Structures are given as C-alpha cells and as structure tokens.
Amino acid sequence: AADAMEMLLLAILGPTLRCEWHLSHAQVAAMTTFVFIGMLLGASIWGAAADKVGRRTVLLVSTALIAYFGLLCSAAPSYAWVVTLRCFVGFNIGGGAQSYTLLTEYLPHRTRVAAIVSNLLSWCAGGIFLVLTAWVIVPTLGWRWLTALAAAPLALVLPLMLLFLPESLRYLLASGREVEAAKVMELMAKENGGHVSQLFHSSIRRVTLTLFPIWFTIAFTYYGIILLSSDVTSFKQRCPSDNSPTRDSSIVDTSCCRNLNSQDYKSILLASTGELVILPFNLILLDRIGRRPTAALLFIAASIFVGLVSACVPAWTTTAFLFLTRGCAAALFNWCYLYTAEVYPTSIRSLGIGLHSAVARVGSMLTPLVAQVLLPQVSVSLAFSTYIGLNLACCCLAISLPVETLGRAMQQSIIVDDSSTSAAASGVNEKKD
C-alpha cells in the first residue's frame, strides 16, 4: 500500500508542478522517466543482493530508504531536486519487489494464487487513499504536504517489519543455513551460484527471453494508463480537434498550466478501483484455466479497452474504459510476478524477478514519452496504436511460453541432468497434492 502511494504520487505531482513551476510537457515526462530509471537500476541491484544477503534484509533497507528520500522530496527547492530525489525513491522501490518473492516462497501452490492476487488489495487501498488525500490536501496545503504524507506510512511500517517479518525459509535452505541440509545446500550453492547467466540456462532460456517483452509491455501499459487518468479532462477537450494540427497545438499550449480539478480526481479514483473489480475474475482464471491462457485473455482485453479510451465519447464513458484498462493492467502485473516466481528455482528466483523488473522499468521510463509527449503534441492515434500493438503482440507471446506453472512444484535449483533439464524445460514436474 505504501509503495502504491509513492508510485501513484507521480500522477498528482506532474500536473501540479507543471502549473506551479511552468514546466513543459517534456519536463513533466522526464520527471516520471527518471523515477523509472532509478527503478530500473534498483530492481537489478536489489534482486541480485536478495539472492546473496536475503529477502528480508533487502526489503528492510529499501523500505527505509524509500521513506527517507520521499520525505526529503517534500522539501525540494527546485525541479532538479525533485527529479533527483524521486529517482532515488524509484531506485529503492526496485527493492520492494522482494516482498513478492518473500511471500511466494512461504506459500504452497494451493494458496499461492489467492495470496499473491489478494495482495493487490493492499496496492489498491494505497492508491485510493492517496487520491482521496490528494483531493483534500493539494488544493489547501499544497503538494509538499502530500509528498510527506505519502512517505510517512513506510516509516511507520518499518518497525513492524523489524519485529515480525521473517526471512524466507526457501532462501535459508537454498543458502545452506540449515544444519540438516548443509551438505546438499553447499553443493547447490556451488553449482547454482545465482549468477545472471543461470537465467539463460538451456532449461529456462526460452522462458527468460519471452518474459522480457511481456514485463516491458505490462509496465508500459499500466503506468501509461495512470498518466492518462490524471489528464482525462484535457484529453476530452482536444479529442474533437485530432484532425486539426493548428488547433490541437494551441490547446496543448493553453493547457500547460492547469491544476487538477474535481473531475480529474474522480477519474483517477474511479480508474484506481478497477484494480479491485478485476480481482475475483483474476483469481478464478488463474486457478481454473492456468497462467498462460489467463495472461493471453488479459492482454486481449487490455488492447480492446485501451483502444476504446481513444474514442470520442462522453467523459464518463472514457473513465469507464480507463477503469477497465487499469484493472486488466493491474491483473497482468500480479500475473507476471506470480508466474516469474513460480517458473524460476529458488537459487535464482530473486535474481529473475529483479532482472525482469528492470526490463519493466524500461517500459515505465518510455511510457511518459507516449502518454505525455507523443499523445498531446504529435498524434493521438499513433500513441494509442502503440499501446494496442504491444498488448496484442504479448498475447501471442504469453501463449507461446513453454512452461505452465499451474499446480507445478516450485524448484530449488536448476537441474543439470539432461533428462531432468528436459522435464524442467517442458514443465513436466510432479505436482503436489
């Protein structure tokens, strides 16, 4: 929930600072992009660190640093300082992905889907709380108070994490810290040291390469919809003039300084609730039809709904399409964390999630250029075609994934025996009762 507040803060800060500091579209987009540059670096570094020093340690340190730099940002004196501090926040949010790794490694396959997907409730709650808080705080006290309040929950949660958050048992076993498993684990550590090259082992290479564009597109779409949600009013104003370059350009210039109004906050709030509505459907699909078909259906739905967002329809209809697109994108985010955690063995699980999270941050870095620069200043059709095309392509990629993890036992390490490798690659592992 606290991570969601820090992330969704971007949708509020952009329009607010554009008006207060007279920023251009490119500067607003750059502010968002630098956050995800930080996340790109952080996801890789924290992911590798978690496989060496433990999930709990990484989660504690990154959480403390998110709160620290988030609070500092509330006192930033200039645009450059905001960009720099938000980049540091992003770097440490990259370590927040270890919460999924830690949770996944404690769960048997029967309850894994329900627990991981239900974790979305916390993310949704944080996002909704931030929007409601911003609606009250920004018009009265300003964005600095909102930034400080967004960082405060992490500082409050940190003592609870120190007292009650355990280390992953799978990590402890895989790292040889249990006496009864010492010999086996020492051998595992020797053969599977958690190096990035293990992600391209012949038994898992195809999965790794296929997941790269999937993670990229999910983040590209999810954060693009968040940015569009905060500017739906302006989008509807320019919609009738898409075929008029002169008029479209003037609208962009005059809307450069426009504070968020009640309609904007309503649109963001309603779009955020889409993540809650999709939750029961996501639970049923994942456990009934499997991981790969679920991803394919969600990608198709996301491409349809994001296309409908571009239609010249009443504002409330556009908000409904944003609501549905946001729900599909959030469900896909949960899917990719679940599938990635299930498909990689314990010895490289955090490294795998970290590397793919880094690829997702590339998508997050680039989406502001489409949602905040290409769409308002170049072509609405081209911008939305980009989102639609990527989601349709990933539908095909999801179907082509070589491993279905529904009911599949989580592996401890990469098996180097040829016959076992073949079984691991095809997903023909024994299922737990």
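Just so it is clear, the structure is predicted and the values come from calculations on it, not from any experiment.
- Remark: Tyr79 pairs with no residue by the ring-ring contact (aromatic ring centres under 6.0 Å, His included) rule, at least two apart or across chains.
- Side-chain contact check for Tyr387 and Ser303: no donor-acceptor pair (N or O, by modelled atom type) lies under 3.5 Å.
- Heavy-atom contacts from other residues, nucleotides or ligands closer than 6.0 Å to CZ of Phe88 number 12 or fewer.
- Contact check for Ile93 versus Ser62: no side-chain heavy atoms found under the 4.5 Å cut-off.
- Pairs engaging residues 205-214 under the salt bridge (charged side-chain N to carboxylate O under 4.0 Å, His left out) rule: none recorded [sequence neighbours left out].
- With hydrogens and angles ignored, the 3.5 Å screen pairs a side-chain donor or acceptor of Ser400 with a backbone N or O of Leu397.
- Judged as a side chain to side chain donor-acceptor pair (under 3.5 Å), the pairs with a partner in residues 143-155 (not counting sequence neighbours) are, in order, Glu20-Trp143.
- If you check the side chains of Trp46 and Ser357, you find no donor sitting under 3.5 Å from an acceptor.
- Under the ring-ring contact (aromatic ring centres under 6.0 Å, His included) criterion, Phe299 pairs with no residue, sequence neighbours left out.
- Every pair passing salt bridge (charged side-chain N to carboxylate O under 4.0 Å, His left out) that includes a residue from residues 86-104 is listed here, sequence neighbours excluded: Glu6-Arg86.
- Between the side chain of Arg349 and the backbone N or O of Tyr344 there is at least one donor-acceptor pair closer than 3.5 Å.
- Annotation: ring-ring contact (aromatic ring centres under 6.0 Å, His included) contacts of Phe34 (sequence neighbours excluded): none.
- For Phe129, the side-chain contact (heavy atoms from CB on, under 4.5 Å) criterion is met by Met5, Thr133, not counting sequence neighbours.
- Not counting sequence neighbours, the partners of Ile300 by the side-chain contact (heavy atoms from CB on, under 4.5 Å) test are Ile304, Cys395.
- Under the salt bridge (charged side-chain N to carboxylate O under 4.0 Å, His left out) criterion, the residue pairs touching residues 314-329 are Glu275-Arg326, with sequence neighbours excluded.
- Tyr339 is linked by a ring-ring contact (aromatic ring centres under 6.0 Å, His included) to Trp335, counting only residues two or more places apart in sequence or in another chain.
- Legend: salt bridge (charged side-chain N to carboxylate O under 4.0 Å, His left out) pairs involving residues 114-123, not counting sequence neighbours: none detected.
- In this structure, the side chain of Ser74 engages the main chain of Leu71 through a donor-acceptor pair within 3.5 Å.
- The side-chain contact (heavy atoms from CB on, under 4.5 Å) search around Ser364 returns Phe36, Ala219, Tyr223, Arg361, not counting sequence neighbours.
- Summarising the geometry, atom CD1 belonging to Ile226 is positioned 11.5 Å from atom OG1 belonging to Thr221; distances are rounded to the nearest 0.5 Å.
- Remark: the backbone N or O of Leu227 is not paired with any side-chain donor or acceptor of Gln372 at under 3.5 angstrom.
- Asn391 and Thr217 form no side-chain donor-acceptor contact under 3.5 Å, judged by distance and modelled atom types alone.
- Looking at Ser385, its side chain does come within 3.5 Å of a backbone N or O of Ser381 through a donor-acceptor pair.
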